Amino acid sequence: MQRAIIVRGHLVGPRLIELDESVGDLVGEVEVVVRPWVADAHGGVDVFEFIASLPPGNRERDDIDRQVAEERASWGDR
């Protein structure tokens, strides 16, 4: 099974691409598809970057588990 890795980068010459992040241990021949990157309608903020920027929570696991159990109980037989 083939795997694809999608990373952003910059063309720094007609035949040279500088990647913004590592592609790990991938070695050998690759196929490269180049397309311009356009920020989305929400200002180009990546959801994972946004989540990582949030401060850590301060709720205890038991509190979260209790809230989830209460919510599930409210569903009845659905």
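Just so it is clear, the values below take in all heavy atoms, side chains as well, and ignore hydrogens, waters and symmetry mates. Quick caveat: nothing in here was measured; it's all calculated off a predicted structure.
V12 has its side chain out of reach of I17: every pair of non-hydrogen atoms, C-beta onward, lies at least 4.5 Å apart. In this structure the side chain of H10 never reaches within 4.5 angstrom of the side chain of L19, judged on heavy atoms. Within the 4.5 Å cutoff, the side chain of E21 has no heavy atoms near those of the R8 side chain.
At most 12 heavy atoms of other shown residues, nucleotides or ligands fall within 6.0 angstrom of atom CZ in R72.
For the pair V34 and L11, the tightest heavy-atom approach, listed with the atom from each and the gap, is CG1-CD1, 4.3 Å.
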* For R66 and D62, what are the C-alpha separation, side-chain angles and deciding distance, and is it a salt bridge (Lys or Arg N to Asp or Glu O under 4.0 Å)? -> CA-CA 6 Å; R66 180 186 49 73; D62 292 340; over 6 Å; no
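Annotation: the span from L54 atom CG to E49 atom CD amounts to 12.5 Å, rounded to 0.5 Å. In this structure, CD in E60 is found 8.5 Å from CD1 in I64, a value given to the nearest 0.5 Å.
Tracing side-chain contacts under 4.5 Å through hydrophobic residues (I, L, V, M, F, W, Y), one reaches L26 starting from V32; they form part of the same cluster.
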